[in-house]
Protein chains: 2
Amino acid sequence: MKRILIIEDQAPMRRNLAQLLELEGYAVLSADNGLTGLDLARKERPDVILCDVMMPGLDGHGVIRALREDTATTQIPFIFLTARGDRTDVRTGMNFGADDYLTKPVVRDDLLAAIETRLARAAAVQAASSHGGNFKPDFSSAVPLESVLGLTPREAEVLLWTAQGKSNADIATILGMSEKTVKQHLGSVFQKLGVEGRTAATLRALEILANLPGTH
Amino acid sequence: MKRILIIEDQAPMRRNLAQLLELEGYAVLSADNGLTGLDLARKERPDVILCDVMMPGLDGHGVIRALREDTATTQIPFIFLTARGDRTDVRTGMNFGADDYLTKPVVRDDLLAAIETRLARAAAVQAASSHGGNFKPDFSSAVPLESVLGLTPREAEVLLWTAQGKSNADIATILGMSEKTVKQHLGSVFQKLGVEGRTAATLRALEILANLPGTH
DNA sequence: CCCGCATTCGGACTTTGGTCGGATGGCTTT
DNA sequence: AAAGCCATCCGACCAAAGTCCGAATGCGGG
């Protein structure tokens with residue numbers, strides 16, 4: 001079940017929204033001010049956040065700014081609620097990284113449509129990144145292995161080819177060395193990584209090569 | 001350099017936007033109608049799309065609907081341009097999954113702020129999914145290997161343990177069979193996957209085990 | 001200059017991985 | 001019921017991987 005966080009200082013409006021969403025099958029969390037809302041968002045990581053702009057203390061803009069600064073909450077869809085016709089408010093909110101806004105009084109259909117759209121969008125992004133081609137180790141450079149695992153340049157090169165499924169003989173040809181030397185280097189690698197066998201070493205290498213930033 | 005696609009049927013407005021953005025250091029692509037815009041978006045995968053709503057033929061809503069249906073373009077930030085005060089247009093656009101909107105006439109600062117915000121947001125999402133521990137193969141079940149690679153249950157189990165760096169002897173103990181049998185199954189696996197050696201097979205297995213959806 | 005280190009290679013050996021052929025039992029097809 | 005397919009299993013044999021010696025080269029810093 002999807003979880004929605006409502007941050008709204010006016011009690012009747014807050015209860016209205018909560019009731020409406022609960023009837024639609026959402027799990028609702030509520031906060032009556034920016035600070036406790038921010039706190040709840042960080043702790044609970046809701047699927048969508050609904051937040052009023054005008055609030056005493058920490059207002060909606062402050063809330064989203066704080067959320068967007070934290071990598072843990074930065075991708076949570078954020079919809080804010082604003083008074084009708086206040087164009088500047090809307091723009092500043094969107095420029096802080098909000099995903100949508102709704103003008104008060106909130107119409108039921110608009111609210112539900114906005115929430116569902118943002119949920120669908122978040123799901124699409126997630127699916128694209130976790131399903132599509134997420135596992136793409138970068139075999140273009142041995143440097144990361146060298147620095148992260150504390151290997152020598154040559155050892156790192158040998159491991160790089162090993163992690164691509166090459167045999168010792170192949171690697172010897174590729175790197176222009178004797179097969180004995182390949183074995184020698186691999187032996188050092190095994191020792192430094194504390195593993196036995198090339199497959200275990202490959203796993204360690206892939207952990208690094210597949211988690212590199214900026215490989216797109 | 002970031003690439004921006006402008007879809008706008010009115011030539012003066014289109015040229016204005018293009019010039020402004022080029023001065024800011026963006027690479028600009030232009031289209032004067034929905035269809036060619038859609039085509040360009042699919043081929044070029046720009047970093048941001050700027051699109052007018054009112055256009056003869058395929059309008060802005062049609063464009064975004066088509067883009068959101070295709071997984072390749074679904075996460076491209078989409079900002080649409082609308083005539084002032086047309087609240088319904090804005091809402092339907094947002095409900096199709098647009099990321100922001102701007103009211104015409106477009107103010108320079110609003111435009112740049114909106115673009116930068118969406119770029120930053122896309123970058124944040126990307127960083128979160130491709131940087132933090134992305135490589136987490138799920139070794140809890142052999143079924144995916146079985147179905148995706150067309151292996152028998154036993155073969156899939158053997159491959160599952162092989163991909164975790166276990167030796168044939170270990171696997172024999174774990175699965176309660178002779179080491180010879182482990183070898184036999186692995187041989188079949190190699191043949192079915194068209195690979196030589198356990199490390200190459202491990203890579204193929206990880207491609208599947210690390211890309212499974214819903215492992216969060 | 002000498003020491004440490006990375007890199008290179010060799011021989012001889014043990015262990016592991018991989019292939020080939022053969023056997024069993026369950027299952028469907030004829 | 002017989003024939004065939006397939007998954008599972010195993011033994012013997014050969015090839016590759018990995019280990020334990022030793023040793024040569026070249027490069028940088030105390």
Side-chain angles (χ1 to χ4, degrees), chain A residues 139 141-206 208-209, chain B residues 137 139 141-209:
Chain A
F139 292 119
S141 163
V143 179
L145 296 177
E146 196 179 328
S147 51
V148 178
L149 298 177
L151 303 179
T152 70
R154 213 57 173 160
E155 286 166 355
E157 279 185 272
V158 173
L159 177 57
L160 189 70
W161 288 106
T162 304
Q164 290 171 77
K166 300 293 179 187
S167 74
N168 289 349
D170 289 340
I171 300 173
T173 307
I174 293 169
L175 296 181
M177 61 174 80
S178 158
E179 189 180 335
K180 306 286 180 174
T181 309
V182 175
K183 291 184 178 181
Q184 169 63 35
H185 285 310
L186 266 181
S188 311
V189 170
F190 296 160
Q191 201 177 339
K192 287 186 182 178
L193 301 192
V195 299
E196 290 180 0
R198 58 173 51 221
T199 312
T202 296
L203 286 172
R204 298 287 300 274
L206 289 179
I208 293 160
L209 298 175
Chain B
F139 292 120
S141 163
V143 180
L145 296 178
E146 197 179 329
S147 50
V148 178
L149 298 177
L151 303 179
T152 70
R154 215 56 172 160
E155 286 165 354
E157 279 185 274
V158 172
L159 178 56
L160 189 71
W161 289 106
T162 304
Q164 290 171 79
K166 300 293 181 188
S167 74
N168 290 347
D170 288 341
I171 299 173
T173 308
I174 293 171
L175 295 181
M177 62 176 76
S178 158
E179 186 181 336
K180 321 293 175 180
T181 309
V182 176
K183 293 180 178 179
Q184 169 60 36
H185 286 311
L186 265 183
S188 311
V189 170
F190 296 161
Q191 201 178 339
K192 288 185 181 178
L193 300 193
V195 299
E196 290 181 0
R198 57 174 48 220
T199 313
T202 296
L203 287 172
R204 298 286 300 274
L206 289 179
E207 273 175 31
I208 293 158
L209 299 174

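Here is the naming used below: chain letters follow the sequence lines, and residue numbers restart at 1 for every chain.
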Please classify the nucleic acid contact of [X] as base, sugar-phosphate, or nothing, using heavy-atom distances under 4.0 Å.
| X | answer |
| --- | --- |
| Thr181(B) | base |
| Glu179(A) | sugar-phosphate |
| Ser188(B) | nothing |
| Glu196(B) | nothing |

In the structure I gave you, are the side-chain heavy atoms of [X] and [Y] within less than 4.5 Å of one another anywhere?
| X | Y | answer |
| --- | --- | --- |
| Asn168(B) | Trp161(B) | no |
| Val189(B) | Val158(B) | no |
| Leu175(A) | Arg154(A) | yes |

When you get a sec, tell me which of [options] is the closest nucleotide to the side chain of [X]?
| X | options | value |
| --- | --- | --- |
| Ser178(A) | dC9(C), dA6(C), dT8(D) | dC9(C) |
| Thr152(B) | dT8(C), dA7(D), dC10(D) | dA7(D) |
| Arg198(B) | dT8(C), dA12(C), dG18(C) | dG18(C) |
| Gln184(B) | dC9(C), dG17(C), dC9(D) | dC9(D) |

Starting at the 5' end of DNA chain D and moving along, which residue's nearest nucleotide shows up first, Lys166(A) or Arg154(B)?
Arg154(B)
Using only side-chain N and O atoms of His185(B), determine if any of them is under 4.0 Å from OP1 or OP2 of dC9(D).
yes
Below 4.0 Å: OP1/OP2 of dA16(D) and any side-chain N or O of Asn168(A)
no
Please round to the nearest 0.5 Å and tell me the distance separating atom NE2 of His185(B) and atom NZ of Lys180(B).
14.5 Å
Specify the separation, in whole Å, of atom [atom1] of [X] and atom [atom2] of [N].
| X | N | atom1 | atom2 | value |
| --- | --- | --- | --- | --- |
| Leu159(A) | dA17(D) | CG | P | 15 Å |
| Lys180(A) | dG22(D) | NZ | P | 17 Å |
| Leu186(B) | dA16(D) | CG | P | 17 Å |
| Glu155(A) | dA6(C) | CD | P | 7 Å |
| Glu157(B) | dA7(D) | CD | C1' | 13 Å |

Report yes if a donor N or O on one partner sits less than 3.5 Å from an acceptor N or O on the other, where the partners are the side chain of Lys183(B) and the base of dG17(C); otherwise report no.
yes
Checking side-chain contact (heavy atoms from CB on, under 4.5 Å) for the pair Leu186(B)/Thr162(B): CA distance, chi angles, key distance, verdict?
CA-CA 9 Å; Leu186(B) 265 183; Thr162(B) 304; 3.7 Å; yes
